[in-house]
K.L.:
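Before we start, here is the structure in question, set down as structure tokens.
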Amino acid sequence: MTAAPNRPRVCVLHVGGTIGMVRGDEGFGPKDGFLETYLASMKELERAELPAYTLTLLPPLLDSADMQPDDWVRIARAIVNAYDDFDGFVIVHGTDTLAYTASALSFLLPGLTKPVILTGAQISLAEVRSDGREHLITSIQLAGTSRIPEVCIYFGQRLLRGNRAQKVHNDHFAAFDSGNMPALATVGVGIDVRSELVRAPGSGVPKLVELPSRPLVVALRVFPGLQASMLETVLAGAHGLVLETYGAGNAPTRDTALLDVLSQATARGVVVVNASQCHGGRVRQGLYQTSSSLARAGVVSGHDMTPEAALTKLYCLLASGLSPADVRARMEEDLAGELTRPATH
Ligand code: ASP
């Protein structure tokens with residue numbers, strides 16, 4: 001589509017997801033050209049009150065279950081390469097790992113000055129009741145006009161900060177939620193932006209954080225029955241671990257062998273971060289004896305970060321070549337609005 005001179009311009013990057021999938025013999029899968037044809041048929045996208053868009057395919061189109069860290073970098077690079085030519089970006093993505101990609105992009109693109117909005121759908125545009133149509137229209141509108149210089153997720157009538165969001169439902173249209181932060185905008189008859197929550201813009205073109213190495217970063221959800229030997233297996237060769245703990249950051253500690261495995265890992269430089277399995281609330285190491293011992297073993301608090309934000313942040317920091325000590329320090333800092341430091345008294 002050609003941009004009229006005075007309409008904002010939005011770059012729509014299609015990377016995959018249900019929204020642009022069609023059903024085949026083995027279930028839904030991405031189909032090249034489908035979204036292009038569909039968007040071209042949406043007459044409302046030509047209206048002057050909407051920004052003009054350019055659709056770019058980032059092949060291979062993926063079910064987001066197949067997204068890997070290299071794909072985060074691929075998307076971030078495409079944004080930086082086109083940055084000067086557009087007022088905002090919409091990333092059309094699958095919902096399964098959308099919160100991971102949104103979190104990763106927030107760490108890879110520090111100092112954003114323009115909106116980057118990830119969206120998708122629970123039902124493909126090929127089906128009559130798809131939620132994708134409204135998501136595309138509103139995301140394009142928000143990306144072109146809202147001036148929210150953040151990586152966000154638009155889904156189910158809410159604009160969420162990307163690194164604060166989690167996929168919470170695989171059936172409801174409100175598939176995403178943010179347990180520790182209100183929506184940046186809610187969309188009904190009008191669009192209500194909570195500007196006091198929006199981060200300040202950076203300046204110039206964001207500099208893509210380069211990731212020269214590919215660290216081994218793992219996540220482990222603690223569970224009743226977790227044994228030291230299992231943890232040892234998970235940690236073999238790892239550079240970082242997100243330990244998804246119970247409640248306010250608690251783990252099984254009756255088995256001291258488990259704590260020994262953690263202490264040995266942190267002593268050899270593995271960065272272990274404590275992130276709660278709970279959708280809301282924060283990690284408070286020291287509130288219970290079952291978390292004091294984690295702190296003693298050298299586990300870093302993830303405060304109120306989602307496990308998705310903790311994992312992508314840990315990956316990006318380690319991959320950028322920082323020392324374990326620097327990574328540990330930065331994990332507890334707020335880099336992109338992903339974490340609230342506890343008030344100090
Ligand atoms: N499996 C799909 C994906 O994440 C689910 C979706 O898009 O809703 O790509």
Side-chain angles (χ1 to χ4, degrees), residues 12-39 42 55-76 78-79 89-106 108 116-140 142-143 151-179 183 187 219 221 279 306-309 311-312 315:
V12 178
L13 290 170
H14 184 205
V15 301
T18 295
I19 188 167
M21 289 186 184
V22 293
R23 200 197 297 263
D25 293 343
E26 295 187 357
F28 281 97
K31 184 169 191 266
D32 285 348
F34 171 77
L35 190 70
E36 219 163 356
T37 311
Y38 191 92
L39 285 180
M42 286 174 69
L55 176 67
T56 303
L57 246 69
L58 276 195
L61 297 180
L62 294 175
D63 184 307
S64 76
D66 278 327
M67 282 271 167
Q68 296 292 338
D70 284 352
D71 297 305
W72 307 334
V73 177
R74 191 163 66 86
I75 298 168
I79 293 170
F89 295 82
V90 172
I91 317 296
V92 181
H93 192 290
T95 60
D96 288 345
T97 64
L98 193 135
Y100 289 90
T101 302
S103 297
L105 291 179
S106 77
L108 290 172
V116 172
I117 299 178
L118 289 92
T119 196
Q122 293 282 55
I123 303 181
S124 161
L125 288 166
E127 310 276 310
V128 280
R129 290 179 53 252
S130 177
D131 48 335
R133 198 174 174 96
E134 190 276 329
H135 288 172
L136 287 171
I137 294 169
T138 306
S139 295
I140 289 172
L142 287 166
V151 179
C152 304
I153 293 176
Y154 178 69
F155 217 95
Q157 299 182 311
R158 290 188 309 162
L159 187 73
L160 304 174
R161 176 170 296 158
N163 57 30
R164 290 288 193 161
Q166 294 186 286
K167 182 171 178 178
V168 292
H169 218 289
N170 62 20
D171 200 20
H172 289 174
F173 283 142
F176 289 86
D177 204 354
S178 187
V187 175
R221 185 177 164 96
H279 177 60
T306 62
E308 290 86 338
L311 182 114
T312 54
Y315 184 92

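Each ligand, and each atom within it, is numbered from 1 in the order the structure gives.
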K.L.:
Are the side chains of Phe155 and Asp131 in touch, meaning some heavy atoms are under 4.5 Å apart?
P.N.:
yes
K.L.:
What pairs of donor and acceptor atoms, side-chain ones from residues 22-39 against any protein atom, are under 3.5 angstrom apart with sequence neighbours left out?
P.N.:
from, atom 1, to, atom 2, distance (Å)
Thr37, OG1, Gly33, O, 2.8
Tyr38, OH, Arg133, NH1, 2.8

K.L.:
What I want to know is whether Thr97 and ligand 1 share at least one N or O pair that is separated by under 3.5 angstrom.
P.N.:
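No, there is no polar N/O contact under 3.5 Å.
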K.L.:
Identify the protein heavy atom lying closest to atom 9 (O) of ligand 1, giving its residue, its atom name and the separation to 0.1 Å.
P.N.:
Ser64 N, 2.7 Å
K.L.:
Report yes if some heavy atom in the side chain of Val15 is under 4.5 Å from a heavy atom in the side chain of Thr101; otherwise report no.
P.N.:
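Answer no - side chains too far apart.
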K.L.:
If only atom types and distance count, is the side chain of Gln122 paired as donor or acceptor with the main-chain N or O of His172 below 3.5 Å?
P.N.:
yes
K.L.:
Using a 4.0 Å heavy-atom threshold (strictly under), name the region of Ala121 that reaches ligand 1: side chain, backbone, both or neither.
P.N.:
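Ala121 to ligand 1: backbone contact only, side chain stays beyond 4.0 Å.
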K.L.:
Which residue holds the protein heavy atom closest to atom 8 (O) of ligand 1, what is that atom called, and what is the gap in Å?
P.N.:
Thr95 OG1, 2.5 Å
K.L.:
Identify the protein heavy atom lying closest to atom 5 (C) of ligand 1, giving its residue, its atom name and the separation to 0.1 Å.
P.N.:
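Nearest neighbour among protein heavy atoms for atom 5 (C) of ligand 1, to 0.1 Å: Thr18 OG1, 3.1 Å.
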K.L.:
Over 60° means perpendicular and under 30° means parallel, so classify the ring planes of His135 and Tyr154, tilted if in between.
P.N.:
perpendicular
K.L.:
Counting from 1, what ligand 1 atoms have a heavy atom of Gly17 closer than 4.0 Å?
P.N.:
7 (O), 9 (O)
K.L.:
Can you find an N/O atom of Asp63 closer than 3.5 Å to an N/O atom of ligand 1?
P.N.:
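The answer is yes, given that Asp63 and ligand 1 share an N or O pair closer than 3.5 Å.
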K.L.:
Mark yes or no for whether Ser64, through its side chain, and Gly17, through its backbone, hold a donor-acceptor pair below 3.5 Å.
P.N.:
no
